[in-house]
Amino acid sequence: MSTIVPYLCCRDAARAMEFYAQAFGAVQTMRLADPSGRIAHAELRIGAAPFFLSDEHLEYGVKSPTAFGGTPVMLHLSVDDVDAVMARAAAAGATIERAAQDQFYGDRTGTLHDPFGHRWMISTRKEALSTDEVERRFSDLMKGS
């Protein structure tokens with residue numbers, strides 16, 4: 001287990017689990033649901049990265065991003081083919097905020113919002129760059145803006 005594991009809260013967590021499987025290839029490893037079907041706790045993996053998920057539990061103050069009108073948090077997902085993952089996510093119901101583009105830091109990156117209010121940065125490493133090279137490219141970029 002990683003030392004930090006994202007714990008997402010979603011309205012309709014069961015549907016969110018289906019979305020994450022379709023869009024990102026997530027695999028469920030645990031699911032605890034109450035008698036009404038509400039997800040109390042679920043554990044999933046995208047590749048080797050675990051994340052947890054639950055339905056809203058307003059009685060405990062557990063609210064999804066939709067309860068707040070959005071989220072200030074972005075999840076970063078590294079994948080082999082950002083364009084394919086962005087297309088799958090859009091087909092599964094995500095909203096593309098920024099289409100995938102090559103970036104100065106060596107990644108091809110795009111941003112989307114899933115149907116449950118979570119914001120994702122999806123990226124594929126295109127170039128392995130040193131810190132010095134990233135800083136040089138950033139400096140050049142700032143001079144040009």
Side-chain angles (χ1 to χ4, degrees), residues 1-33 38-58 60-145:
M1 178 107 28
S2 299
T3 56
I4 185 167
V5 177
Y7 205 129
L8 307 182
C9 175
C10 298
R11 285 189 184 157
D12 197 352
R15 194 166 66 85
M17 292 167 71
E18 292 171 8
F19 170 83
Y20 296 134
Q22 290 175 344
F24 306 140
V27 176
Q28 174 187 303
T29 59
M30 176 190 279
R31 181 180 184 143
L32 304 174
R38 187 169 69 157
I39 305 297
H41 176 80
E43 296 182 8
L44 297 97
R45 288 190 174 280
I46 299 173
F51 69 104
F52 299 161
L53 184 77
S54 77
D55 270 304
E56 287 186 311
H57 295 275
L58 301 178
Y60 299 114
V62 178
K63 299 176 184 177
S64 71
T66 53
F68 299 102
T71 179
V73 175
M74 185 179 319
L75 300 156
H76 181 262
L77 179 61
S78 294
V79 299
D80 290 334
D81 184 347
V82 63
D83 295 287
V85 171
M86 295 281 290
R88 267 198 331 264
T95 302
I96 303 299
E97 176 181 312
R98 189 173 46 85
Q101 299 174 356
D102 292 342
Q103 304 296 328
F104 73 91
Y105 46 85
D107 288 4
R108 182 168 177 79
T109 302
T111 307
L112 60 83
H113 294 263
D114 72 29
F116 310 94
H118 297 284
R119 190 169 178 232
W120 296 78
M121 176 185 284
I122 314 297
S123 69
T124 297
R125 177 61 42 101
K126 302 298 273 187
E127 299 177 84
L129 303 174
S130 69
T131 301
D132 288 343
E133 179 61 14
V134 172
E135 290 172 354
R136 185 193 66 72
R137 288 182 181 190
F138 181 73
S139 179
D140 290 348
L141 183 68
M142 292 298 102
K143 287 177 190 171
S145 61

Grab the two heavy atoms, one from [X] and one from [Y], that are nearest each other, plus how far apart they are.
{"X": "Gln22", "Y": "Ala92", "value": "OE1-CB, 3.6 Å"}
{"X": "Ala23", "Y": "Arg88", "value": "O-NH2, 3.2 Å"}
{"X": "Pro6", "Y": "Pro50", "value": "CD-O, 3.8 Å"}
{"X": "Phe24", "Y": "Ala89", "value": "CE2-CB, 4.2 Å"}
{"X": "Ala40", "Y": "Tyr7", "value": "O-OH, 3.9 Å"}
{"X": "Pro115", "Y": "Gly93", "value": "CG-O, 3.4 Å"}

Nearest 0.5 Å, please: how far is [atom2] in [Y] from [atom1] in [X]?
{"X": "Asp107", "Y": "Thr124", "atom1": "CG", "atom2": "OG1", "result": "7.5 Å"}
{"X": "Leu129", "Y": "Gln103", "atom1": "CG", "atom2": "CD", "result": "12.0 Å"}
{"X": "Thr111", "Y": "Met86", "atom1": "OG1", "atom2": "CE", "result": "6.5 Å"}

### Query
Who are the side-chain hydrogen bond (donor to acceptor under 3.5 Å, both in side chains) partners of Arg137, not counting sequence neighbours?
Glu127, Glu133
### Query
Can you list the residues that meet the side-chain hydrogen bond (donor to acceptor under 3.5 Å, both in side chains) rule with Asp140, with sequence neighbours excluded?
Arg136
#### Entry: Partners passing side-chain contact (heavy atoms from CB on, under 4.5 Å) against Ala16 (at least two apart in sequence or in another chain)
Cys10, Tyr20, Leu53, Phe116
## Note on the structure
side-chain contact (heavy atoms from CB on, under 4.5 Å) filter on Arg38, not counting sequence neighbours, yields Asp34, Ser36, Asp55, His57, Glu59
Would you mind listing every salt bridge (charged side-chain N to carboxylate O under 4.0 Å, His left out) that reaches into [range], with sequence neighbours excluded?
{"range": "residues 111-120", "answer": "Glu97-Arg119"}
{"range": "residues 60-78", "answer": "none"}
{"range": "residues 9-32", "answer": "Arg11-Glu56, Asp12-Arg15"}

#### Entry: Phe52 and Met30, any side-chain heavy atoms less than 4.5 Å apart
no
### Query
Is there side-chain contact between His113 and Thr71, with heavy atoms separated by less than 4.5 Å?
no
### Query
With under 30° as parallel and over 60° as perpendicular, where do the rings of Trp120 and Phe51 fit, or are they tilted in between?
perpendicular
Output a table of donor-acceptor pairs, distance under 3.5 Å, between side-chain atoms of residues 72-82 and any protein atom two or more places apart or on a different chain; print 'none' if there are none.
residue : atom : partner : partner atom : Å
His76   : NE2  : Ser123  : OG           : 2.8
Asp81   : OD1  : Asp83   : N            : 3.2
Asp81   : OD1  : Ala84   : N            : 3.1

### Query
Is the CZ atom of Phe68 crowded by more than 12 outside heavy atoms at less than 6.0 Å?
yes
### Test ring-ring contact (aromatic ring centres under 6.0 Å, His included) applied to Phe138 - qualifying residues, sequence neighbours left out
Phe104
### Query
What residues, two or more places apart in sequence or in another chain, satisfy salt bridge (charged side-chain N to carboxylate O under 4.0 Å, His left out) together with Glu135?
none
